[in-house]
Amino acid sequence: MIKLTFCLTRLPNLTLAEFQDYWWNKHAPLVKSHRETLRIKRYVQMHSADPAFADALREARAGGLDRAPAIYDGVAQLWWESMEDIAAATATPEGMEAGRQLLEDEAKFIDFAKSPLWFGAEKVVF
């Protein structure tokens, strides 16, 4: 499986609750509506929990919160069978339109400059 992992930081004008509500109730149905066109096998959202839980772990691993990496407001993962599936799906007029719609919607709630994404091949350990 090929996964796209997208670490999300919300736009500064949104609260965490507003961000998570929009992402779950508006964006997720949009992604779902394009799943066949884009050949997406699975889409998962991981919403950040109370930051206090993560702060202790971040502090211990980084040697202090001032040196800890940024916390994200959520992480999205999308699965495909292969890079060839992604390329084929996004090369069609329907795939290009679906991609345009998703990007346009993401711009309403995601700070792209602070939200890295990458593709990776899944290697299951257990």
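Basis for what follows: all heavy atoms, side chains included, without hydrogens, waters or symmetry-related copies. We number each residue from 1, following the sequence as shown.
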Novice: Might you point out which heavy atoms bring Thr9 and Tyr72 nearest each other, and give the distance in Å?
Specialist: OG1-CD2, 3.5 Å
Novice: Only pairs under 3.5 Å count here: list side-chain donor-acceptor contacts from residues 117-126, not counting sequence neighbours, and write none if there are none.
Specialist:
unit_1, atom_1, unit_2, atom_2, d
Glu122, OE2, Lys3, NZ, 2.8

Novice: When you look at Phe112 and Leu103, which way does the side-chain contact (heavy atoms from CB on, under 4.5 Å) test go after all the steps?
Specialist: CA-CA 10 Å; Phe112 292 128; Leu103 183 62; 3.8 Å; yes
Novice: Can you tell if the side chain of Gln101 reaches within under 4.5 Å of the side chain of Glu104, non-hydrogen atoms only?
Specialist: no
Novice: Would you check, one step at a time, whether the test side-chain contact (heavy atoms from CB on, under 4.5 Å) holds for Gln20 with Ser48?
Specialist: CA-CA 9 Å; Gln20 289 178 340; Ser48 293; 4.2 Å; yes
Novice: Just by modelled atom types, is the Thr15 backbone N or O under 3.5 Å from a matching donor or acceptor in the Glu18 side chain?
Specialist: yes
Novice: Please evaluate residues Ile110 and Asp73 with respect to the criterion side-chain contact (heavy atoms from CB on, under 4.5 Å), reporting the C-alpha separation (whole Å), side-chain torsions for both, the decisive distance (0.1 Å), and the verdict.
Specialist: CA-CA 10 Å; Ile110 298 171; Asp73 297 309; over 6 Å; no
Novice: Taking all heavy atoms of Gly95 and all of Leu38, pick out the closest pair and write down the distance.
Specialist: O-CD2, 3.7 Å
Novice: Looking only at non-hydrogen atoms, find the nearest pair between Arg42 and Val44 and report the distance.
Specialist: NE-CG2, 3.6 Å
Novice: If you group Ile, Leu, Val, Met, Phe, Trp and Tyr by side-chain heavy-atom gaps below 4.5 Å, do Leu102 and Val75 land in one group?
Specialist: no
Novice: With under 30° as parallel and over 60° as perpendicular, where do the rings of His27 and Tyr43 fit, or are they tilted in between?
Specialist: perpendicular
Novice: Applying side-chain contact (heavy atoms from CB on, under 4.5 Å), run through His34 and Ile40 and close with a yes or a no.
Specialist: CA-CA 8 Å; His34 293 301; Ile40 300 168; 5.8 Å; no
Novice: CG of Leu16 to CZ of Arg10: how many Å apart, nearest 0.5 Å?
Specialist: 5.0 Å
Novice: State which residues pass salt bridge (Lys or Arg N to Asp or Glu O under 4.0 Å) with Glu36; sequence neighbours excluded, sorted by chain then number.
Specialist: none
Novice: Among residues at least two apart in sequence or on other chains, which ones pass ring pair (Phe, Tyr, Trp, His ring centres under 6.0 Å) with Phe6?
Specialist: none
Novice: Hey, are the side chains of His47 and Trp23 touching, using non-hydrogen atoms and a 4.5 Å cut-off?
Specialist: yes
Novice: Any sub-3.5 Å donor-acceptor pair from Asn25's side-chain atoms to Asp21's backbone N or O?
Specialist: yes
Novice: Can you sort out the partners of Thr5 under side-chain hydrogen bond (donor to acceptor under 3.5 Å, both in side chains), two or more places apart, ordered by chain and number?
Specialist: Gln77
Novice: Which pairs with one or both residues in residues 74-87 pass salt bridge (charged side-chain N to carboxylate O under 4.0 Å, His left out), sequence neighbours excluded?
Specialist: Arg39-Asp85
Novice: With sequence neighbours left out, write down each residue that passes salt bridge (Lys or Arg N to Asp or Glu O under 4.0 Å) with Asp111, or none if nothing qualifies.
Specialist: none
Novice: Taking all non-hydrogen atoms of both residues into account, name the closest pair between Met96 and Ala91 and its distance.
Specialist: CE-O, 3.5 Å
